[in-house]
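Have a look at the structure below before the remarks.
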Amino acid sequence: MITVVGEALIDLISSESGTYRSVPGGAPANTAVALARLGVPSSLLARMSTDRFGQQLRAYVGSRGVSTRDIVVSDEPTTLAIATLDETGRATYDFYVKGTVDWQWRPEELPDPLADDVTAIHVGSLAMAMPPGAAVVEEWVARQRGRAVISYDPNIRPALAGTPASARERVERQVALADLVKVSNEDVYWLYEQDPATGSADLLVEVGRSWLRRGPSLITITCGGDQTLVLVRGREDRPLSVAPEPVDVVDSIGAGDAFCAGLLDALGQAGALGADGRERLAALTDAQLTVCVAHAHRVAAHTCRRVGADPGELDFPPLEF
């Protein structure tokens, strides 16, 4: 079982007519659904509202095969994200988050100890950034180290992240809790105040190496349609590059979340998850890592070919390493 921790919210997605349609979303919920679509047992550890949107979210994740055993139900309203798509299908977001259900975590709502069947915890996005709950979740994640692989995706939302300096301090602290980190080049450039138009692969590698020194075994840095960079503890001087397949993008909503699901699925098939996964991750060969990242690319590409974050049915053959 992979437990995904964080928000489940409603995306209001723009259309050419100027109207909006409501779609279940939130990066953690998207990742949990993509894992379930891949046939990986997954649970979503999230707070959901008793309101109509909250009921819609619980029905949605459950119908996609995600375990709802860890969902906490509360009376605060559901978070809303307004997603606007540009001509390339890329989404930008505005959020309605004040007093909403996702950020009100209390320590007693988080399972401790972790259930015996959990091999990995995937965290990140707004639930690790938004007060007051972010501090509660971060402290809980710190207590789970060594019990399962901890996967982290900062998934920066600039509209809610504060200044790059304050967000960078938080992200670097949280990176130190993780065994596995997935981050986009856009997030790295924003955190380290570089213009994406002039940002270089050298900066990405430098940041990846500095993050490895904080504790993780494996860092993946996605670069949209360009090559994903992979850095491994103990082999920092030999970054690996894996090219994604070409894809005609319908929209990019959920692409990074699908990549996380595909990567965790592949690492599970490689036997690199579980309580001792930290060392197994570092021991993966370049050939094994290439297979894992290529699988993550395929899952993300499948999602980009569809409207919305739900990748639909995924029926990939078992990976060969």
Got a sec, which residues hit side-chain contact (heavy atoms from CB on, under 4.5 Å) with [X], two or more places apart in sequence or on another chain?
{"X": "D117", "result": "M1, R69, A115"}
{"X": "A282", "result": "S217, R233"}
{"X": "T198", "result": "D195"}
{"X": "V136", "result": "W105, P107, L110"}

**Asked** What distance separates L203 CG from N185 CG, expressed to the nearest 0.5 Å?
**Response** 10.0 Å
Got a sec, which pairs hit ring pair (Phe, Tyr, Trp, His ring centres under 6.0 Å) with one end in [range], sequence neighbours left out?
{"range": "residues 114-149", "answer": "none"}
{"range": "residues 289-321", "answer": "F259-H297, H295-F316"}
{"range": "residues 19-56", "answer": "none"}

**Prompt:** Do we get R157 above F95's six-membered ring, with its NZ or CZ under 6.0 Å from the centre and within 45° of the axis?
**Reply:**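 No, R157 does not sit over the ring of F95.
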**Message:** Can you list everything that forms a side-chain hydrogen bond (donor to acceptor under 3.5 Å, both in side chains) with R47? Sequence neighbours excluded, please.
**Reply:**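 For R47 the side-chain hydrogen bond (donor to acceptor under 3.5 Å, both in side chains) partners, ignoring immediate neighbours, are S74, E76, E109.
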**Complete:** Contacts of W190 meeting side-chain hydrogen bond (donor to acceptor under 3.5 Å, both in side chains) (sequence neighbours excluded), chain-then-number -> none
If you count the non-hydrogen atoms of other residues, nucleotides and ligands that lie under 6.0 Å from [atom1] in [X], is the total more than 12?
{"X": "E169", "atom1": "CD", "answer": "no"}
{"X": "D116", "atom1": "CG", "answer": "no"}
{"X": "Y96", "atom1": "OH", "answer": "no"}
{"X": "R305", "atom1": "CZ", "answer": "yes"}

**Request:** Using salt bridge (Lys or Arg N to Asp or Glu O under 4.0 Å) as the criterion, list what pairs up with E108, not counting sequence neighbours.
**Result:**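 Partners of E108 by the salt bridge (Lys or Arg N to Asp or Glu O under 4.0 Å) criterion, ordered by chain and then number, come out as R106.
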**Item:** For R280, salt bridge (Lys or Arg N to Asp or Glu O under 4.0 Å) partners two or more places apart
**Value:**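 Expected list: D276.
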**Asked** Is there a donor-acceptor pair under 3.5 Å between the side chain of D51 and the backbone N or O of T78?
**Response** yes
**Request:** Sorted by first residue and then second, give each side chain to side chain donor-acceptor pair (under 3.5 Å) pair with at least one member in residues 55-67; sequence neighbours left out.
**Result:**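 Of all non-adjacent pairs touching residues 55-67, those that pass side chain to side chain donor-acceptor pair (under 3.5 Å) are R64-D310.
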**Message:** Any donor-acceptor pair under 3.5 Å linking the side-chain atoms of S184 with those of T222?
**Reply:** no
**Prompt:** Are T79 and E7 linked by a side-chain donor-acceptor pair shorter than 3.5 Å?
**Reply:** no
